[in-house]
Amino acid sequence: MKFSVLVEWLPKIRACNFIIKTADCSQDSSVTIKTSNVLINVPAMGCLEFRFSSTGVTLVPDSLSGLFNNNNSIIFRARIDDFNGSIQKNGPTQSVNYKINEDTVVFCAACKHQVSKTLRMSRALPLPTNGEMDFFCHQHSGHKLSSLNPGLTDIFYDHLYFLIHTDHLLQGSDAAKFECFNCSTTLGKIEKKAVKIWNSDAFIQNSVYDPHKCVPRYHQFLSGLFNLTEDVPAQMNKFVFICDGDRANETYTRMWVLDRSLMLSECESDSREVDLNCKIVKKVLYSHHAELSSEVDDFIKSPTALSISLSPSGQEILLKVLSFMSRNIPVEFSIVNGMKVSYLMFDDDINWDDL
Amino acid sequence: MSRALPLPTNGEMDFFCHQHSGHKLSSLNPGLTDIFYDHLYFLIHTDHLLQGSDAAKFECFNCSTTLGKIEKKAVKIWNSDAFIQNSVYDPHKCVPRYHQFLSGLFNLTEDVPAQMNKFVFICDGDRANETYTRMWVLDRSLMLSECESDSREVDLNCKIVKKVLYSHHAELSSEVDDFIKSPTALSISLSPSGQEILLKVLSFMSRNIPVEFSIVNGMKVSYLMFDDDINWDDL
């Protein structure tokens, strides 16, 4: 009895791939996923136990999927429930913490008016990364994932938006847009029974609005965007942000991440002596397009590009920040490949709302 | 030596965001007291060689192993074929060849910008005999647990590896040419022994992937790992 085991831990997508190779496998083998161990019952070998407490990972019990079993190998995927220790720094960067089993409410970020009924969610789950990135090393044409619809006690979230069931909205709507009924700001989109709400336009808080607990819109959007560019695989370095208006009015922002972890010192001063500190930023090229030009189309079709929907206010924040961060680059060096040079930075100390 | 300086990254990567055609950096020649180094080799002045040579190859005059290349007054010496130590050889201080080459390779793939995820390793023989290894880094920081056992109970630890696809080509095929021309690819010279180590390690690291899942896009799935605990010399 000799076997090998390979486990790819993928904390960013909360999954792990088990690959067990042995000459003694059979198609009658069974797999049991437990919190801190996996049991594999191979008729010719008995029960094998794989423990992984030293990795700091816990799995969702019975979360077996994608089981492949032939005479010399068993392959399956399981869901990661939680992780810490050395694996933590490779985990996803969670942009917003959604509290489950607590009364919360969605507020409009513009007028701070309540726009949902009281929510009490039992599940807060991350959505798969935009497109099919969780499943393939780069984008494939011809594949389309069906949408994921939240139940009545579910909140599904991405870096830039979250999904809840339309029954939670204060006012029923047959329209495709979800608007604040107080100030008419567009907060998201309605698709069948799911409402997609932008982090840049609305926020979730305890039932009574508390301005001291309110995360500024810029903060919420930029941390989400920063984390999004952090979490996608290394080869995905081009982004097309599509402003989510009507199809006829769509606008596009191309962004090409040149360096994901540049150390940058930046300072504006009128003193003769300057102490420089440095921060980690992403060096990017960007360009904005009022229509679907050939440059945008080339980006969209690139296998290393991700297309991402933005709300009008999200796009406004993105362009404002990129323009602000490029202000100190001399004009002679500010354009590369027809795109402007800038830096994407997320910094708690900067008051982006003052821009 | 009075100066030990890192060489610019292969190609023009230190100056541009991706490769540009029509640009060629002139070579950097070390002075008599300079050592210039890259992840996989170092350069010194040819006057330091024990025996003068008019040949393009730098060979060990004892065992005739090719240790590097000579270009004008600079000799390029592969880390996988030679090492630098105090004047008196001390086997206890000697870093194993595999260790030196793999740590260099791992660091090289770590240091290039995120978008440079394709590598073409060109084995540095005569032009007519060049061989090529394509490597495509899919994940630069995958957490991997790996174990071979005959016990029923296994405790898994995990390490950071790079998940890669690779393929070896005896000649300049269209696939290799496509890789070389890709703006997100780096072409890197390897010595024959460097190529041997690379292929051995990638083959070794792919041994536990079932054959049904071992080929993607015509390339083999493997992992690039650098681990002090593994005795690569036993491969």
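Chain letters run A, B, ... following the sequence lines, proteins first, then strands; residues in each count from 1.
Separation of atoms CG (B:Asn157) and CZ (A:Phe52) is listed at 12.5 Å; rounding is to 0.5 Å. To the nearest 0.5 Å, atom CG of residue A:Asn17 and atom CZ of residue B:Phe213 are 10.0 Å apart. We find the CE-SG distance between B:Met143 and A:Cys16 to be 12.5 Å, quoted to the nearest 0.5 Å. Rounding to the nearest 0.5 Å gives a distance of 11.5 Å between CD1 of A:Ile19 and OG of B:Ser145. Note that the CZ atom of A:Phe68 and the CD atom of B:Glu212 stand 4.0 Å from one another [nearest 0.5 Å].
Only the backbone of A:Cys47 comes within less than 4.5 Å of a heavy atom of chain B; no side-chain atom from C-beta onward does. Only the side chain of A:Ile75 comes within less than 4.5 Å of a heavy atom of chain B; its backbone N, CA, C and O stay farther away. Only the side chain of A:Lys21 comes within contact range of chain B, judged by heavy atoms closer than 4.5 Å. Interface remark: B:Lys118 contributes no atoms to any contact with chain A (heavy atom separation under 4.5 Å). Both the backbone and the side chain of B:Asn208 come within contact range of chain A, each with at least one heavy atom under 4.5 Å from a heavy atom of that chain.
Between the side chain of A:Ser54 and the backbone N or O of B:Leu156, at least one donor-acceptor pair lies under 3.5 Å.
Among A:Met45, A:Arg260, A:Lys2, A:Glu8, the residue making the largest number of heavy-atom pairs under 4.5 Å with chain B is A:Glu8. In terms of non-hydrogen atom pairs under 4.5 Å with chain B, the most contact-rich of A:Asn72, A:Val257, A:Asn70 is A:Asn70.
B:Leu144 is listed as a side-chain neighbour of A:Leu6, based on a closest heavy-atom distance under 4.5 Å. Looking at B:Arg152 and A:Phe3, their side chains never come closer than 4.5 Å, going by heavy atoms from C-beta outward. The closest side-chain heavy-atom distance from A:Val5 to B:Ser149 is not below 4.5 Å.
Residues passing the salt bridge (Lys or Arg N to Asp or Glu O under 4.0 Å) test with B:Asp139, sequence neighbours excluded: none.
Heavy atoms from other residues, nucleotides or ligands lying under 6.0 Å from NZ of A:Lys283 number 12 at most.
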